[in-house]
Peer 1: 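Pasting a structure here, questions to come.
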Amino acid sequence: MTVSLCKHSHIVLPPHGSIFRPSDCTRCGLSYNAIQEELQLQKEALIHGASKTGTCPDCQQERTLLRFQPPEQPWDPFDYEPPVSFLCLPCYNTAAVAYNESIAGLLGSV
């Protein structure tokens with residue numbers, strides 16, 4: 001995996017791009033989608049690279065534990081880092097679904 005040190009900058013004004021289809025990076029030339037794919041790969045590598053064997057704090061079973069950390073939200077304070085927990089795969093999926101539903105509920109009530 002390669003890590004880009006570029007501070008990506010995309011044009012989002014016509015005719016070069018738009019908010020829904022940003023232009024390629026003006027500094028390194030990578031497309032917006034390629035950058036998002038690389039960020040997703042880095043996120044997955046962090047989840048799997050930090051996995052360990054242990055007891056799941058939710059179901060109390062001995063399993064491989066994956067790193068779960070909710071994504072940062074725009075309304076979070078500047079230096080806030082969401083808590084990290086290590087969950088087995090079924091509990092990881094349950095936590096992700098619960099988190100997504102809570103965000104959908106927050107946005108639905110606005």
Side-chain angles (χ1 to χ4, degrees):
M1 174 186 321
T2 59
V3 177
S4 174
L5 299 178
C6 178
K7 295 183 186 287
H8 300 296
S9 175
H10 302 276
I11 299 173
V12 294
L13 296 173
H16 303 293
S18 72
I19 201 77
F20 300 108
R21 297 189 65 111
S23 70
D24 293 346
C25 178
T26 57
R27 296 181 177 125
C28 68
L30 280 176
S31 71
Y32 180 79
N33 290 335
I35 293 167
Q36 295 307 309
E37 288 173 14
E38 180 63 31
L39 290 174
Q40 183 64 30
L41 287 174
Q42 290 177 15
K43 179 182 173 186
E44 291 171 2
L46 179 62
I47 290 169
H48 293 292
S51 67
K52 60 184 180 181
T53 302
T55 303
C56 179
D58 283 358
C59 65
Q60 305 302 321
Q61 294 186 8
E62 188 75 19
R63 296 186 177 184
T64 300
L65 304 177
L66 303 173
R67 180 183 187 273
F68 177 76
Q69 183 177 27
E72 295 178 18
Q73 297 298 331
W75 54 80
D76 288 339
F78 177 68
D79 286 337
Y80 176 74
E81 173 119 3
V84 175
S85 54
F86 287 88
L87 304 171
C88 66
L89 189 56
C91 294
Y92 183 97
N93 290 337
T94 303
V97 167
Y99 178 78
N100 291 338
E101 288 175 352
S102 70
I103 295 299
L106 282 173
L107 296 177
S109 66
V110 173

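If you're wondering where the values come from, they're calculated on a predicted model, not measured in any experiment. Reckoned from all heavy atoms, side chains included, excluding hydrogens, waters and symmetry mates. Index from 1, following the sequence.
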Peer 1: Linking directly or through intermediates, with side-chain heavy atoms under 4.5 Å: list the remaining ILVMFWY members grouped with Ile11, chain and number order.
Peer 2: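 The other cluster members (ILVMFWY side chains, heavy atoms under 4.5 Å, direct or chained): none.
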Peer 1: I'd like to check the side-chain hydrogen bond (donor to acceptor under 3.5 Å, both in side chains) partners of Arg63; sequence neighbours left out, ordered by chain and number.
Peer 2: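 Scan of Arg63 (side-chain hydrogen bond (donor to acceptor under 3.5 Å, both in side chains), adjacent residues dropped) gives Gln61.
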Peer 1: Is the shortest side-chain heavy-atom distance between Cys6 and Cys25 below 4.5 Å?
Peer 2: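 They are in side-chain contact.
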Peer 1: At what distance, to the nearest 0.5 angstrom, does CZ of Arg27 lie from NE2 of His10?
Peer 2: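 Output value for this atom pair is 9.5 Å.
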Peer 1: Holding to side-chain hydrogen bond (donor to acceptor under 3.5 Å, both in side chains), I want the full list of residues that pass it with Tyr99, two or more places apart in sequence or in another chain.
Peer 2: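 Checked Tyr99 against side-chain hydrogen bond (donor to acceptor under 3.5 Å, both in side chains); matches are Gln73.
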Peer 1: With a sphere of 6.0 Å drawn around CZ of Phe68, does it hold more than 12 non-hydrogen atoms of other residues, nucleotides or ligands?
Peer 2: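 Yes - once you tally the heavy atoms of other residues, nucleotides and ligands closer than 6.0 Å, there are more than 12.
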Peer 1: What donor-acceptor contacts under 3.5 angstrom involve side-chain atoms of residues 44-54, with partners at least two apart or in another chain?
Peer 2:
residue: Glu44; atom: OE2; partner: Gln40; partner atom: NE2; Å: 3.3
residue: Ser51; atom: OG; partner: His48; partner atom: O; Å: 2.9

Peer 1: Are any non-hydrogen side-chain atoms of Pro57 and Ser85 less than 4.5 angstrom apart?
Peer 2: no
Peer 1: Testing the basics here: between Pro70 and Pro83, what is the closest heavy-atom pair and its distance to 0.1 Å?
Peer 2: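 Pro70 and Pro83 have their closest heavy atoms at CD-O, 3.5 Å.
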Peer 1: If you take all heavy atoms of Tyr92 and Leu87, which pair is closest and at what distance?
Peer 2: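 Where Tyr92 meets Leu87 most closely, the heavy atoms are N-CB, 3.9 Å.
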Peer 1: Any side-chain heavy atom of Leu66 within less than 4.5 Å of one from Leu89?
Peer 2: yes
Peer 1: I'd like to check the side-chain hydrogen bond (donor to acceptor under 3.5 Å, both in side chains) partners of Gln60; sequence neighbours left out, ordered by chain and number.
Peer 2: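 Testing Gln60 for side-chain hydrogen bond (donor to acceptor under 3.5 Å, both in side chains), a comparison that skips the adjacent residues, returns none.
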Peer 1: Let me confirm one number: the CG-OG distance from Asp24 to Ser9, rounded to the nearest 0.5 Å.
Peer 2: 11.5 Å
Peer 1: OG1 of Thr26 to NE2 of His8: how many Å apart, nearest 0.5 Å?
Peer 2: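 If we round to the nearest 0.5 Å, Thr26:OG1 and His8:NE2 are 10.5 Å apart.
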Peer 1: Mind checking who shares a hydrophobic cluster with Leu65, ILVMFWY linked at side-chain heavy-atom distances under 4.5 Å?
Peer 2: Val84, Phe86
